[in-house]
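What follows is one structure encoded as structure tokens, with my remarks underneath.
Values in this document were obtained by computation on a predicted structure and should not be read as measured data. In what follows, chains are A, B, ... by sequence order, proteins preceding strands, each numbered from 1. Atom set for the values below is all heavy atoms of this structure, side chains included, hydrogens, waters and symmetry mates excluded.
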Number of protein chains: 2
Amino acid sequence: MPFNSQRAERRTDALSKARIVEAAIQILDADGEGALTFRALATRLATGSGAIYWHVADRQALLAAAADHIIAGVMSEVTMRSKPQDAIRTIALGAFDAIYAHPWIGAQLSGDPWQHAVLRIMESIGRQVQLLGMPEAALFNATTALMNCVLGVAAQHAAAARLPRNTERSAHLTAIAEGWALLDPLEYSFVRRLAAQLPGHDDREQFLAGVNLVLAGIQSIWF
Amino acid sequence: MPFNSQRAERRTDALSKARIVEAAIQILDADGEGALTFRALATRLATGSGAIYWHVADRQALLAAAADHIIAGVMSEVTMRSKPQDAIRTIALGAFDAIYAHPWIGAQLSGDPWQHAVLRIMESIGRQVQLLGMPEAALFNATTALMNCVLGVAAQHAAAARLPRNTERSAHLTAIAEGWALLDPLEYSFVRRLAAQLPGHDDREQFLAGVNLVLAGIQSIWF
DNA sequence: ACCTGAACACCGTTCAAGT
DNA sequence: ACCTGAACACCGTTCAAGT
């Protein structure tokens, strides 16, 4: 019993949205999106599965909160002193690294680009786009185009996010590469040509090239 | 009994992958991705739920086949006589229209960008990019950037795809707009500025502007 | 206010049994 | 070869009952 009943006794192990989200992230990182069940989560938190619903609306909200928690951390770390183009690259790479480190975020972001985590990224990027000083109507287009780079990598990692572990994920990638090699050489000449380039290819570099391509487009259209 | 036993008697209602995919598309179009269950599909096909597994590996393969069926139709309709930039716009708009008409395709494409339907689009776009005559190493970047536009709209429609009907989808959009209006004006100044622009905004035009932005970037970097 | 955990209403997938 | 449909092993979510 607390001797001061005005300040509620808070047990260290009391349930809270923050603790639930933290546990969810651990499960997601360790075993992928499929492993996040309310039963598994309840077991990890040593509680009943129904208790989670007191703090979180449903599974979708839980995933959104988990993604938002990580994206919020990444976006708050980004400090801006450089010129807008560099800042945009930094923000985009921050999002890329978050998706790369937590593939389930890829599935989550690309599965619902209206969720809070995506808005956070868009706000960060959009502010820098504003600084470029283009006409109002163009802001939307430019920011969306940059967001597409982020949603693109998000999608690329979405499928892998459902697999449980890194070892199985690399197997998944080689399976994809093999699938490409089996495509009809005439009907899929271009894809096969890309497939040949795939082994020595750096995801992050490729992502940055995409961002730079959009930035170049912005530059050439409005400046 | 067929009087000619060499040519197999084919009952009009015989099960086949094509018929299954067709029925699946009807369900998906009518009631969204959530409505596509093997039980519902079996009922519509007047068969047992297990029978479907004889023709389709699993639910994921069924969705991929459904998406591929529609994308294949769209891509084969695209005839190319114009210059590559125009052809790219035509292909991209074809993909856009398919996603717009069948939002579940959005969820499907963005959920797994290594599936066949996506490769189809990439092949079509990539061939035109080749015609632009840029260096080999740049082909990958340019095509991926254009694919990002497609995956971007795909993602934008992914969330709506889970809702059942058009009426509920428009309610979903206004709910999103209201959510944006409630965001902290200081922390989300940019997003709120965009939200104001949202009502009089044309998705298709916006999409095309994104494609043009990337095309302009390609032009300015390599030509 | 917050937590418990059994119960409900579903799923995808499998498989012995049929034709 | 192809189909049937009950059975299995799960889910998310609810809710009466507890503290």
Side-chain angles (χ1 to χ4, degrees), chain A residues 1-2 4-21 23-24 27-28 31-66 104 107-108 111-112 159 161-164, chain B residues 1-2 4-21 23-24 27-28 31-66 104 107-108 111-112 159 161-164:
Chain A
M1 289 274 281
N4 180 348
S5 63
Q6 293 219 256
R7 178 143 53 96
E9 174 82 341
R10 51 177 79 185
R11 305 175 311 177
T12 0
D13 63 335
L15 221 50
S16 68
K17 182 161 176 177
R19 276 197 67 224
I20 292 171
V21 167
I27 292 176
L28 288 163
D31 299 311
E33 190 186 316
L36 183 69
T37 67
F38 277 72
R39 282 167 179 78
L41 193 54
T43 302
R44 178 177 279 256
L45 290 164
T47 183
S49 61
I52 297 162
Y53 285 90
W54 189 262
H55 299 94
V56 177
D58 54 23
R59 194 183 129 96
Q60 210 188 331
L62 177 59
L63 280 161
W104 54 270
Q108 183 56 26
D112 181 6
R162 278 158 229 134
L163 279 349
Chain B
M1 291 276 280
N4 181 347
S5 63
Q6 294 221 256
R7 177 140 55 94
E9 175 81 343
R10 50 177 79 185
R11 306 175 312 175
T12 0
D13 63 337
L15 221 49
S16 68
K17 181 161 178 177
R19 275 196 68 226
I20 292 170
V21 167
I27 292 175
L28 289 163
D31 298 311
E33 192 187 315
L36 183 68
T37 68
F38 276 72
R39 283 167 179 77
L41 193 55
T43 303
R44 179 178 279 256
L45 291 164
T47 184
S49 60
I52 296 161
Y53 284 89
W54 189 262
H55 299 92
V56 177
D58 53 23
R59 192 183 130 96
Q60 210 188 333
L62 177 59
L63 280 161
W104 54 270
Q108 183 56 27
D112 182 5
R162 276 156 232 134
L163 279 350

Are B:His55 and D:dC3 close enough that a side-chain N or O sits under 4.0 Å from OP1 or OP2?
yes
Starting at CD of A:Gln60 and ending at P of D:dG12, how long is that distance when rounded to a whole Å?
13 Å
Minimum heavy-atom separation for A:Ala35 to A:Asp31, with atom names?
CB-CB, 3.4 Å
Taking all non-hydrogen atoms of both residues, which atom of B:Phe38 and which atom of B:Ser49 are closest, and how far apart?
O-CB, 4.0 Å
Nucleotide D:dC11, atom C1' - distance to CD1 of A:Ile52 in whole Å:
13 Å
Residues B:Leu15 and B:Ala51: closest non-hydrogen pair is CD2-CB, 3.7 Å
DNA chain C contacts among residues 33-41 of chain B, heavy-atom distance under 4.0 Å
B:Leu36, B:Thr37, B:Phe38, B:Arg39
Pairing partner of D:dG18 (Watson-Crick or G-U wobble, both distances under 3.5 Å)
C:dC2
Could you give the OH-to-P distance, from A:Tyr53 to D:dG12, as a whole number of Å?
7 Å
What nucleotide among D:dG12, D:dT14, C:dT13 has an atom nearest to a side-chain atom of A:Ser49?
D:dT14
Phosphate oxygens OP1/OP2 of C:dC3: is one of them under 4.0 Å from a side-chain N or O of A:Trp54?
no
Please give, in whole Å, the distance from D:dA9 P to B:Asp58 CG?
20 Å
Got A:Leu63 and A:Leu28 here, is their nearest side-chain heavy-atom distance under 4.5 Å?
yes
Under a 3.5 Å limit on both distances, the Watson-Crick or wobble mate of D:dT13 is C:dA7
To the nearest Å, how far apart are B:Lys17 NZ and D:dC3 P?
15 Å
Closest non-hydrogen atoms of B:Glu33 and B:Arg59, given as atom of the first, atom of the second and distance, are OE2-NH2, 3.4 Å
Once you round to the nearest 0.5 Å, how far does CD1 of A:Ile20 lie from CG of A:Leu41?
6.5 Å
In whole angstrom, give the distance that lies between atom CG of B:Leu45 and atom P of D:dC2.
16 Å
Determine yes or no for a side-chain-to-main-chain donor-acceptor pair under 3.5 angstrom, with A:Arg19 supplying the side chain and A:Leu45 the backbone.
no
